[in-house]
Amino acid sequence: MTVENNAAPAPAAPTDFIRDIVAGHIAEKRYAGIVTRFPPEPNGYLHIGHAKSICLNFGIALENGGRCNLRMDDTNPTKEDVEYVDSIIADVRWLISGWADAHLGFKAKSATTETRTIDGRTDYYAAPAAPGTLAVEPFFASDYFDALHACAVELIKRGKAYVCDLSPADTDAYRGSPDTPGKDSPFRTRSIEESLALFERMRAGEFPNGARSLRAKIDMASSNIWLRDPLLYRIRHADHHQTGVKWRIYPLYDFAHCLSDYFEGITHSICTLEFVDHRALYDWILEALDLPRPLPHQYEFAKLNLGYTLVSKRKLLQLVQERIVSGWDDPRMPTLSGLRRRGVPAAAVRDFAYHIGITKFDSLTDVAVFEHAIRENLNATAQRRLGVLHPIKIVLTNLAPGEVIECDATNNPQDENPTTRKVALTREVFIESDDFAEVPPPKYFRLKPGGEVRLKYACIIKLDEIVKDASGAITELRCTADLTTRPGGANVEKKVKGTIHWVSASHCVDAEVRLYDRLFTVPEPVAQEDFTKFINPRSLEVITAKLEASLGDALPGQVFQLERTGYFTPDAKNSRPGKPVFNRTITLKDTWAK
RNA sequence: UGCCUGAUGGUGUAAUGGCAGCACAGGUGACUUUGACUCACCUAGUCAUGGUUCGAAUCCAUGUCGGGCAGCCA
């Protein structure tokens, strides 16, 4: 006998090949718990492509009662900066807030790996912060430099790594090419003792950059280039934003990443497709060390490509450096900070990530899917307000100067029990210039000579006279308001085709409004030889709008729908109470415009 | 030309040998004090060829096309 479940159905958990793999591991009880990680390099701001990965990794942690560690993959000191560390933390917290916060893995501040012995073998473990720990921070690969160094020494002792004196150019030449095997370095047969001594001198800073490297001893003839004795450590006389002057050698990605995963007890290490060829190396390093705990495994999915958008840290950096945009958080940028400033809710980004799925297919997602997620979220949540972007003045000739008629306006018709607010109807109001046509096209429902239209929440008006100046430009439209069509009036049920938005000329606030459009004119800017040639010249239009008075002191973080127009949010950097600056998040769909 | 990887409506994704479904986009209509939302309907797909099978998007073979790999970047 089954029990009827009348509760609102929880959104079906997404399924994809990676979640299927995880589910299989859970079924066979392979791990004590599921631990994923999101490991950005702090060399740029997070963007919508990272959001896909964040939602995948945190989603898997959430769905399985596990944890997702935030880790800075900071093994290359010359490219990284703390500015990026801070922005990454803020962006991740914003994206998962109210969703997967409880599954965010941070460590106690300044904590590093603990060294212990399991079954007679040395082990290194990076624990997450205990619940209730006050000072926490993300994990850092640079926290593991000592442990990583010890692992490198162990590899040399096992005869699985050697110090190579080949120059970068020679190393390259010896590697061969994809279709021709490489050849062994002359230093490959160097004794363990000599490599150990040389590696120690590398660490001590005795050699210049590029003079020597530590390499794994695998197979120079492998069909997989990444197995042709890959470099594990390089000499870098550079200070690190986390470890300062301590190190003169730094581990490379392939060596640091698999071990960082292991140290943290990661079970599923999920990355993008370009790392498929590295997986054999990932496994080789972990197996060569004979580690005592269960090993993490790498799984790969296709990264996001979004139409009319650039999803590449390097190219976004170029937009910033060449001042094509105002910064990483320019509201036209696909960065999380840009989207946030634009007014895109984190929940909309998450819904989007959910809808696009996870596969190994290299696809180009239509921006319309993202725009739909934004509109769907905002339609349900945004307070409605009245605002006129391109004003044209109306004089309601049958209202007295100074007369104020209070109208009830609905805050959000999508609410179960919608609330209302008062808006003032006065003799002079503004309407959208688009909502008037002296010579109307066919099926034009708005204001036209001799025609009638409803001012939303107020009453029906009739156009009597068009007033023009000497040059023929329209200065005002003189109309009669039919006050019997107001709510409660005798003719409130009277139907007209058009209902338009408006604001009182005396009860409104001027606001700078930034109208954003897509940044690029082509669906695939990345496919162009020079994407900077395809910047949309109209990606930003700045206007002064007339907004309902209540919008004068709106706060950043709030997103409003200006009825019949779009969604707008106060700009977090430039908006001030009484002197508001609004960003247009997105327009409403407009089937009439087509 | 070596290795890896992939191919399902316009786009993205599901179907794990058994009715090709969902979302977005597009179209038509209904509703509407937002030309929004909502609702209804419509359009449109398994890369090709062969094989296995009662039955193939799914398994096998061959081909075609796409993506990735030769940083002391990640």
Side-chain angles (χ1 to χ4, degrees), chain A residues 14-17 20 39-41 43 73-76 78-80 164 166-168 171-173 175-182 209-215 222-228 230-236 249-250 252-254 256-257 271-280 300 302 307 313-314 355-373 375-376 379-380 384 386 409-410 413-414 443-446 454-460 485 487 492 494-501 523 561-566 587-594:
Chain A
T15 62
D16 53 65
F17 75 100
D20 288 347
E41 181 185 17
N43 66 345
D73 210 353
D74 56 349
T75 56
N76 184 356
T78 61
K79 282 184 155 187
E80 299 154 5
C164 179
L166 249 27
S167 69
T171 305
D172 204 36
R175 187 157 34 228
S177 64
D179 52 354
T180 58
N209 289 349
R212 282 180 233 262
S213 61
L214 183 72
R215 294 230 252 166
S222 172
S223 56
N224 182 345
I225 296 220
W226 294 99
L227 259 21
R228 317 242 263 228
L231 271 76
L232 269 21
Y233 266 90
R234 81 285 225 185
I235 297 169
R236 201 74 127 202
I249 55 173
Y250 291 95
L252 278 116
Y253 167 85
D254 289 294
H257 204 90
C271 61
T272 47
L273 248 24
E274 62 263 36
F275 292 102
V276 169
D277 292 333
H278 296 238
R279 188 172 62 232
E300 311 88 7
K313 267 197 232 173
R314 196 177 61 78
H355 278 291
I356 56 177
I358 300 292
T359 64
K360 294 189 169 196
F361 178 62
D362 187 33
S363 58
L364 177 63
T365 299
D366 193 334
V367 260
V369 179
F370 186 39
E371 294 173 344
H372 171 78
R375 289 193 181 103
E376 186 175 54
N379 178 51
R384 314 286 127 122
L386 297 177
T410 305
Q414 305 290 322
K443 298 187 84 174
Y444 188 78
F445 298 163
R446 287 107 95 147
R454 181 180 286 277
L455 297 184
K456 188 153 194 198
Y457 305 125
C459 61
I460 292 172
T485 59
V492 65
K494 179 174 176 180
K495 301 290 180 200
V496 285
K497 272 294 204 179
T499 299
I500 63 175
H501 58 279
Q561 184 195 103
L562 294 186
E563 296 211 42
R564 300 207 315 129
T565 301
T587 61
L588 248 32
K589 270 175 72 172
D590 185 358
T591 47
W592 162 247
K594 294 167 183 168

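Computed from a prediction, not measured in an experiment: that's the story for all the values here. Every chain is numbered from 1, with letters handed out A, B, ... down the list of sequences.
Between A14(B) and Thr15(A), no contact under 4.0 Å exists linking OP1 or OP2 to a side-chain N or O.
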Pick out the pairs of N or O atoms, protein on one side and nucleotides 64-69 of chain B on the other, that lie under 3.5 Å.
residue	atom	partner	partner atom	Å
G68(B)	N2	Asp277(A)	OD2	3.1
C69(B)	O4'	Asp277(A)	OD2	3.3
C69(B)	O2'	Trp226(A)	NE1	2.9

Identify the pairs formed between an N or O of the protein and an N or O of nucleotides 42-44 of chain B at a distance under 3.5 Å, and give each distance.
none

At a cut-off of 3.5 Å, list every protein nitrogen or oxygen paired with a nitrogen or oxygen from nucleotides 46-48 of chain B, distance to 0.1 Å.
none

When you compare the protein's N or O atoms with those of nucleotides 19-24 of chain B, which come within less than 3.5 Å of each other, and at what distance?
residue	atom	partner	partner atom	Å
C24(B)	OP1	His372(A)	NE2	3.4

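Heavy atoms of Thr485(A) sit under 4.0 angstrom from at least one base atom. At a threshold of 4.0 angstrom between heavy atoms, the contacts of Leu455(A) with the nucleic acid are absent. If you check every strand for non-hydrogen atoms under 4.0 Å, Tyr253(A) touches a base. Contacts of Arg454(A) with the nucleic acid, taken as non-hydrogen atoms under 4.0 Å apart, include base atoms. Arg228(A) comes within 4.0 angstrom of nothing in the nucleic acid, heavy atoms only. Base contact: Ser167(A) has a heavy atom under 4.0 Å from a base atom. Looking at heavy-atom distances under 4.0 Å, Phe370(A) makes no contact with the nucleic acid at all. Counting non-hydrogen atoms under 4.0 angstrom, Lys495(A) reaches the backbone sugars and phosphates but no base. The residue Ile460(A) sits apart from the nucleic acid: no heavy atom pair falls under 4.0 Å.
For Glu376(A), the side-chain contact (heavy atoms from CB on, under 4.5 Å) partners at least two apart in sequence or on another chain are His372(A). Partners of Arg175(A) according to the salt bridge (charged side-chain N to carboxylate O under 4.0 Å, His left out) rule, which considers only residues two or more places apart in sequence or in another chain, are Asp172(A). Applying the salt bridge (charged side-chain N to carboxylate O under 4.0 Å, His left out) rule to Glu300(A) yields the partners Arg279(A); only residues at least two apart in sequence or on another chain are considered. Annotation: side chain to side chain donor-acceptor pair (under 3.5 Å) contacts of Arg215(A) (sequence neighbours excluded): none. Taking the salt bridge (charged side-chain N to carboxylate O under 4.0 Å, His left out) definition, one finds that Arg564(A) meets it with Asp435(A), sequence neighbours left out. Residues meeting the side-chain contact (heavy atoms from CB on, under 4.5 Å) test with Cys459(A), sequence neighbours left out: Leu425(A), Ile461(A), Ala481(A), Leu483(A), Thr485(A), Arg486(A).
Taking the P atoms as reference points, C19(B) lies 12 Å from A56(B), given to the whole Å. A57(B) and U1(B) have their C1' atoms separated by 32 Å, given to the nearest Å. U43(B) and U34(B) have their P atoms separated by 31 Å, with the value rounded to a whole Å.
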Just distance, no hydrogens or angles: give the donor-acceptor pairs under 3.5 Å from side chains in residues 360-367 of chain A, sequence neighbours left out.
residue	atom	partner	partner atom	Å
Asp362(A)	OD1	Asn305(A)	ND2	3.2
Asp366(A)	OD1	Ala368(A)	N	3.0

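Put simply, the side chain of Leu455(A) reaches to within 4.5 Å of the side chain of Ile500(A), judged on heavy atoms.
Side-chain proximity of Asp179(A) to the nucleotides G2(B), G12(B), C72(B) is greatest for G2(B).
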Problem set entry | Which nucleotides of RNA chain B pair, in dot-bracket form (Watson-Crick or G-U under 3.5 Å, | meaning another strand) | .((((((..((((....[..)))).(((((.......)))))....(((((..]....))))))))))).....
